[in-house]
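Naming: A, B, ... by sequence-line order, numbering from 1 per chain.
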2 protein chains.
Amino acid sequence: MTTNPATSPDVRRRRDPEATRAAILEAAEELFLKLGPADTPTSRIARQAGVTKSLIHHHFGSKDDLWDEVKRRHFGQYYEAQRTMLASSQGTAEMLRDSLVGYFRFLQQDPHAVRFMSWRFVEEGDDACKTQEDELFELGIERVREAQDKGELRADLEPISIIKSFLAMAMHWFQSKPLLCQMLGPEADVDALEERYLDDVVKIFLDGVRPRDKQPD
Amino acid sequence: MTTNPATSPDVRRRRDPEATRAAILEAAEELFLKLGPADTPTSRIARQAGVTKSLIHHHFGSKDDLWDEVKRRHFGQYYEAQRTMLASSQGTAEMLRDSLVGYFRFLQQDPHAVRFMSWRFVEEGDDACKTQEDELFELGIERVREAQDKGELRADLEPISIIKSFLAMAMHWFQSKPLLCQMLGPEADVDALEERYLDDVVKIFLDGVRPRDKQPD
DNA sequence: ACCCTAACTGGCCGGCCGGTCAATAGCGTA
DNA sequence: TACGCTATTGACCGGCCGGCCAGTTAGGGT
C-alpha cells in the first residue's frame, strides 16, 4: 500500500512515465495532506512512491509545482462531482435536501476533499482551482435563484448567504471532526453522532430556508 | 509597526524580559498565522521582534514550544471572551440570536481567531487548548439544554448539532472570506455582503432552530 | 540496425534553518 | 562597592532539504 509498484499491470514496466507520474501524485497527495506541504520532504514522497527524488523534478518541475498539480487533479474530481450534482438538480426544496445530503455524503466518503479545502483556507496566494470553483459557485447561485423564483425558497435571503451556509454546515463538521473525536474519546460513537448531525442540519436548514406557512412575530 | 521597540515606555529598557517576551510573542503570532508555522523561520520572528534569535530559545525553548505558547495565549483570550458570553446568557431565543451575532462580531473584530482555528483543523496532534475548549463546549451544550427544556428551542435536535452548526455558520464565513474576496474582485462591497450574510444566517438559524408554530407536512 | 528522445539514476552542492555555546553586560541585592 | 544572576549577544555547527547535473538505459520511429 505504501510503496506503489504499479497501477494496473502485475509488474511495472521498466519505463512507464504514466505510472510513475501517478505513483508520485498519489504519494504526494497523501503526504502533503497528512503532514502539510511545508513539512513534507520530496525525498519522502519519492520513497513512498518507489521512485527517485530526481524523477519528481523531472516530471513536475519544482515541489511547489507538484503541490499545484496535486491540488488541480483532486479539485478536478471535486469539480466533476459537484457539477453533475448541480446540473441534475431541479429547483425544489426536495432538491435542496438531496443536495445537502449528497454533498455531506461526498465529503464523508472522500476525507481528502475537506483537508484540501482546509489547506486552501490557510494558504493565501492564488491557486489553480480558482476558475473551476467560481463556475460551481455561479451555478449554485443560479439554482438558488430558480428555487426562489418558484417560491420553493424564501426570497428574502441573498443567494450567496444560502450557498455559504450550505457549505458551512457540511464542511465544518468534517473539518472539526478530528478535534471532536479527540474530545469525546475513543469510546464515543462518532458515526452515530455524524448521522444525527446530518439529520438535524437538514431540519434546521430546510426549515430555516423554506418560506414559512405562517410568519411569526 | 514591524520592528517592535517597546510596549509602554518610550524607550525599551536595556533589560526588559517582559517586553522581550511580549515582542517575540506578537511577532510570532503575526508571522505564524500569515506564513504558517513550518514556513516561518525563527530568524524572521527575531528580526521582526527586534531581538536576537537566541533570545527566542532562551525565553521559550524550541520553535514548537513558542508556537504552543502563541496558541495558548491567544486561545486564552478567546476562552475568556466566550466564557463570559456564555455565562451571561439566558436560555431564550433572543439569547441565541444575540450569541450568534456576538460570536460573529467577535470573529469579525479579531481576524486572528479564525486563522488559529484553521491551523488547528489542519494540524493533527494534540494541542494546548484542549481542556479549555472542552469546557466551552460543555457549557454551550448545557445552555442549549436549558433552552430546550424551556421550549425555546426545538427538543428534537441534538445539542451537539446545534452547537456545531452555530459555529459552522459563523466560522466558515471568515475562513472562506479571502477566497470570496478574490473571487468577487476588489470592486465588490464585501462588507455589505458580510452584514447581509449575518442577517440571513440569523434568520435561517433561528427559524430552523425554534419550534414551529405550525408543523408543515 | 541505428539513433534520438526522454525516462531514470546516483551523487552532489549550496543554502537555510533550528539550536547551542561561550562570553558580555545590566540589574537587584547585600 | 562587590557579587551573582540572568537577559542578551553574535558566532558557529550539523543536518536536512530542494534542486541540479552528468551519465545511463530503455524504447519507439525510420
Side-chain angles (χ1 to χ4, degrees), chain A residues 3-32 34-71 123 125, chain B residues 3-32 34-71 123 125:
Chain A
T3 53
N4 189 314
T7 41
S8 33
D10 286 342
V11 202
R12 155 99 135 269
R13 297 200 309 282
R14 311 214 294 182
R15 288 281 169 101
D16 194 340
E18 297 289 317
T20 300
R21 283 181 62 95
I24 292 172
L25 281 171
E26 193 180 334
E29 176 168 325
E30 182 182 332
L31 290 173
F32 277 149
K34 188 158 64 182
L35 311 172
D39 278 324
T40 305
T42 52
S43 57
R44 187 158 164 188
I45 297 174
R47 193 175 350 122
Q48 177 154 335
V51 150
T52 328
K53 184 163 61 99
S54 314
L55 268 189
I56 293 178
H57 293 97
H58 177 66
H59 284 292
F60 296 97
S62 71
K63 184 187 175 181
D64 284 341
D65 292 338
L66 175 59
W67 175 227
D68 282 344
E69 187 58 34
V70 166
K71 281 189 288 189
E123 295 177 336
Chain B
T3 53
N4 189 313
T7 42
S8 31
D10 286 341
V11 201
R12 155 100 134 268
R13 297 201 308 283
R14 315 216 293 189
R15 286 281 170 98
D16 195 339
E18 298 289 317
T20 300
R21 283 182 62 96
I24 292 171
L25 281 170
E26 193 180 334
E29 177 168 324
E30 182 183 333
L31 290 173
F32 276 149
K34 187 159 63 182
L35 312 172
D39 278 324
T40 305
T42 53
S43 58
R44 188 159 165 189
I45 297 173
R47 194 178 346 125
Q48 177 153 334
V51 148
T52 328
K53 183 163 61 99
S54 314
L55 270 188
I56 294 179
H57 293 97
H58 177 67
H59 285 292
F60 296 98
S62 70
K63 183 187 177 181
D64 285 341
D65 292 338
L66 175 60
W67 174 226
D68 282 344
E69 187 58 33
V70 166
K71 282 189 287 189
E123 294 177 337

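Atom-to-atom, CZ of B:Arg21 to P of D:dT8 comes out at 11 Å; the value is rounded to the nearest Å. To the nearest angstrom, C1' of C:dT9 lies 17 Å from CZ of A:Arg47. If you take CZ of B:Phe60 and C1' of C:dG19, they are 16 Å apart, rounded to a whole angstrom. One interatomic measurement links the two molecules: CG of B:Asp65 to C1' of C:dG18, which rounds to 12 Å at whole-angstrom precision. We find that CG of A:Leu35 is positioned 16 Å from P of D:dC16, with the value rounded to whole Å. Atom CD1 in B:Ile24 sits roughly 14 Å away from atom P in C:dG19 (whole-Å rounding). Rounded to whole Å, the distance from CH2 on A:Trp67 to C1' on D:dC17 is 18 Å. Atom-to-atom, CG of A:Asp16 to P of D:dG28 comes out at 11 Å; the value is rounded to the nearest Å.
When the nucleotides C:dC8, D:dA7, C:dC17 are ranked by their closest atom to the side chain of A:Leu55, C:dC8 comes out on top. When distances run from any side-chain atom of B:Thr42 to the nucleotides D:dG18, C:dG18, D:dT8, the shortest one goes to C:dG18. In the set C:dC17, D:dT8, C:dA7, the nucleotide with an atom closest to the side chain of B:Ser43 is C:dC17.
Applying the ring pair (Phe, Tyr, Trp, His ring centres under 6.0 Å) test to residues at least two apart or on different chains, none of the pairs has a partner in residues 34-59 of chain A. Listed by first and then second residue, the salt bridge (charged side-chain N to carboxylate O under 4.0 Å, His left out) pairs that reach into residues 48-65 of chain B come to none, sequence neighbours excluded.
Atom CD1 in A:Ile45 sits 10.0 Å away from atom CZ in A:Phe60 (nearest 0.5 Å). To the nearest 0.5 angstrom, B:Leu55 atom CG is 12.0 Å from B:Thr42 atom OG1. With values rounded to the nearest 0.5 angstrom, A:Glu29 atom CD is found 10.5 Å from A:Leu66 atom CG.
For A:Glu123, the side chain to side chain donor-acceptor pair (under 3.5 Å) criterion is met by A:Trp67, A:Lys71, not counting sequence neighbours. B:Glu69 meets the side chain to side chain donor-acceptor pair (under 3.5 Å) test with B:Arg72; sequence neighbours excluded.
For the OP1/OP2 pair of D:dT8 and a distance below 4.0 Å, the side-chain nitrogens and oxygens of B:His59 include at least one atom meeting the criterion.
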Taking only N/O atoms, report every protein-nucleotides 20-22 of chain C pair under 3.5 Å with atom names and distance.
unit_1, atom_1, unit_2, atom_2, d
C:dT20, O4, B:Ser54, OG, 3.4

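In the interface, the side chain of B:Arg15 is not paired with the base of D:dT8 through any donor and acceptor atom under 3.5 Å apart.
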